[in-house]
Amino acid sequence: MYFLLLRKMFLYVLGLVALCFVYRWFKESKRVPNKDDKYVYITGCDSGFGNLLARHLDQLGYRVIAGCYTEKGEDELKKVSSDRLTTVPLDVSDSESVSKAAAVIKTLVGQKGLWAVVNNAGVSLPSGPTDWLTIEDYKGMLSVNLCGVIDTTLSVLPLIKMARGRVVNVSSVFGRISLFGGPYCVSKYGVEAFSDSLRLSMAPFGVKVACIEPGFFKTNVTDTVMVRKNVMKLWDRLPQNVKDDYGTDFLKLSLAKLDERFRLLSDGDLMKVVSCMEHAISAVHPRTRYSPGWDAKFFWLPLSYMPTCISDTFLIKNSFKLKIQSQ
């Protein structure tokens with residue numbers, strides 16, 4: 001009798017979960033009308049997610065405004081896009097550049113306003129153990145990954161409010177759990193906090209705010225050659241006493257582990273992230289957070305919900321082993 005009751009309860013719960021998924025699928029499948037009338041501003045379009053998103057939205061019929069860091073990036077994007085796509089030079093770490101781009105956008109969109117801004121531009125280096133870094137290392141990355149997101153958003157927020165549009169911020173699953181030292185996780189935690197506060201403040205104006213939290217994907221950000229060079233550069237500039245703290249084998253083991261982990265975790269299908277970005281822009285009911293990547297969904301996010309003592313124990317046990325020198 002007890003087992004029959006338990007089985008019934010299990011089937012009821014299973015049915016309810018299935019019903020919730022069907023309802024969510026139906027709700028999220030609805031798309032906004034008049035795509036050809038909507039302007040979307042994307043930062044960091046020279047390569048990676050931003051470049052792919054700009055081309056994808058252009059093919060769907062949106063009026064894309066692509067912010068590119070280099071002239072080469074602008075030229076190459078124009079060659080593979082329609083006349084609807086406009087490029088603007090943009091350095092998100094430079095407020096003057098951000099303001100100039102916003103002035104161009106204001107002229108372009110007119111009274112229609114700006115449907116969406118996608119804060120995609122970001123950098124991942126330098127990254128390393130915290131005591132390998134200086135405050136200047138932090139300032140450089142925060143100026144792009146966090147202050148750049150805030151500056152760009154505020155520069156076009158009146159236009160977003162005018163269109164009752166969207167702000168889409170590209171964070172990372174490492175804005176939910178800090179896996180390694182340095183400014184990257186710090187900057188992404190900041191993007192999460194900015195997104196949360198902005199979402200609450202903009203809700204009365206009909207503006208939706210979404211956060212994209214990818215796991216490991218094969219882009220310039222996770223280029224193993226660049227990451228290895230970064231580690232070597234940081235190691236070479238360390239004073240000898242810090243090198244002694246870590247031990248002579250640490251660098252060699254670290255580089256070997258980097259290659260192994262990136263090969264195991266990195267996903268080459270960038271469209272998983274771009275599809276989430278597109279949904280946040282085009283869905284009538286976008287999600288608050290998207291977590292593309294199998295590692296984000298099934299490993300890093302569940303780990304981030306664990307008690308700190310558990311996640312810390314796991315990360316420490318699986319980190320590079322130090323040979324602490326006796327004093």
Side-chain angles (χ1 to χ4, degrees), residues 6 9-10 13-14 16-18 20-21 24 28 49 122 124-125 127-133 138 141-142 145-146 149 168-200 209-219 221-222 224 227 231 246 250 253-254 256-267 269 272-273 275-277 279-280 286-322 324:
L6 198 62
M9 286 178 62
F10 175 74
V13 171
L14 195 63
L16 186 61
V17 169
C20 287
F21 271 103
R24 191 177 79 164
E28 292 183 351
F49 300 133
S124 63
L125 301 176
S127 286
T130 304
D131 56 344
W132 290 21
L133 300 166
Y138 279 80
M141 193 182 294
L142 290 171
N145 290 6
L146 179 55
V149 169
V168 182
N169 293 329
V170 180
S171 176
S172 167
V173 73
F174 301 116
R176 304 285 291 276
I177 185 168
S178 191
L179 177 63
F180 43 84
Y184 184 77
C185 295
V186 173
S187 68
K188 294 306 183 180
Y189 269 71
V191 171
E192 295 280 342
F194 176 65
S195 300
D196 286 345
S197 59
L198 184 68
R199 184 179 66 253
L200 296 174
V209 180
C211 208
I212 314 293
E213 303 168 341
F216 277 103
F217 282 86
K218 290 179 183 175
T219 66
V221 168
T222 56
T224 51
V227 174
V231 172
Y246 280 82
F250 181 80
L253 291 171
S254 298
K257 281 284 188 182
L258 273 174
D259 287 341
E260 181 187 329
R261 287 182 180 180
F262 275 52
R263 187 171 57 252
L264 178 66
L265 295 172
S266 293
D267 192 329
D269 185 4
K272 289 178 181 175
V273 178
S275 296
C276 290
M277 294 172 165
H279 187 271
R287 297 182 190 181
T288 301
R289 283 183 167 83
Y290 297 81
S291 303
W294 68 267
D295 60 321
K297 285 185 177 70
F298 300 113
F299 188 70
W300 302 118
L301 276 179
L303 189 62
S304 74
Y305 290 119
M306 296 283 184
T308 304
C309 61
I310 295 176
S311 60
D312 277 4
T313 300
F314 176 84
L315 293 174
I316 290 168
K317 280 190 175 181
N318 287 276
S319 65
F320 309 127
K321 303 301 179 185
L322 302 184
I324 304 300

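Because the structure is a prediction, the values reported are computed rather than measured.
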Checklist entry - Can you tell if the side chain of K272 reaches within under 4.5 Å of the side chain of F217, non-hydrogen atoms only? => result yes

Checklist entry - What's the verdict on side-chain contact (heavy atoms from CB on, under 4.5 Å) for N145 and V191, showing C-alpha distance, side-chain angles and the deciding distance? => result CA-CA 8 Å; N145 290 6; V191 171; 5.5 Å; no

Checklist outcome for this item: The side-chain contact (heavy atoms from CB on, under 4.5 Å) partners of S172 (sequence neighbours excluded) come to F174, Y184, K188

Item to check | Partners meeting side chain to side chain donor-acceptor pair (under 3.5 Å) with Y138 (sequence neighbours left out) | outcome: none

Checklist entry - Between atom OG of S291 and atom CZ of F298, what is the distance when rounded to the nearest 0.5 Å? => result 11.0 Å

Next on the checklist: Quick check on the 6.0 Å ring-centre criterion: do F216 and F299 meet it?
Outcome noted: no

Checklist entry - So how far is it from L315 CG to I310 CD1, rounded to the nearest 0.5 Å? => result 12.0 Å

Next on the checklist: Applying side-chain contact (heavy atoms from CB on, under 4.5 Å) to V173 and L179, what does each step give before you reach the verdict?
Outcome noted: CA-CA 10 Å; V173 73; L179 177 63; over 6 Å; no

Item to check | Minimum heavy-atom distance between S304 and L301, given as atom pair plus value | outcome: OG-O, 2.6 Å

Item to check | side-chain contact (heavy atoms from CB on, under 4.5 Å) between V273 and V170, intermediate numbers included | outcome: CA-CA 10 Å; V273 178; V170 180; 5.8 Å; no

Checklist entry - Rounded to the nearest 0.5 Å, how far apart are OH of Y305 and CZ of R176? => result 4.0 Å

Checklist entry - CH2/W300 to CD/E213 distance, rounded to the nearest 0.5 angstrom? => result 14.5 Å

Item to check | Non-neighbouring partners of S178 that pass side-chain contact (heavy atoms from CB on, under 4.5 Å), sequence neighbours left out | outcome: C185, Y189

Item to check | V149 backbone acceptor or donor facing N169 side chain under 3.5 Å | outcome: no

Checklist outcome for this item: Between S171 and C211 the two heavy atoms that sit nearest each other are CB-SG, 3.6 Å

Item to check | A280 versus A210, closest heavy-atom pair with distance | outcome: CB-CB, 3.9 Å

Item to check | Over all atoms of both residues, closest heavy-atom pair of S311 and I177 | outcome: CB-CD1, 4.4 Å

Checklist outcome for this item: In terms of heavy-atom contacts, P183 and L142 come closest through O-CD2, 4.5 Å

Next on the checklist: Would you compute the distance between atom CD1 of I212 and atom OG of S275 and round it to the nearest 0.5 angstrom?
Outcome noted: 10.5 Å

Next on the checklist: Can you confirm whether V168 sits close enough to H279 that some side-chain heavy atom of one is under 4.5 Å from a side-chain heavy atom of the other?
Outcome noted: no

Checklist entry - Where do M141 and S127 land on the side-chain contact (heavy atoms from CB on, under 4.5 Å) test, with the steps shown first? => result CA-CA 10 Å; M141 193 182 294; S127 286; 4.3 Å; yes

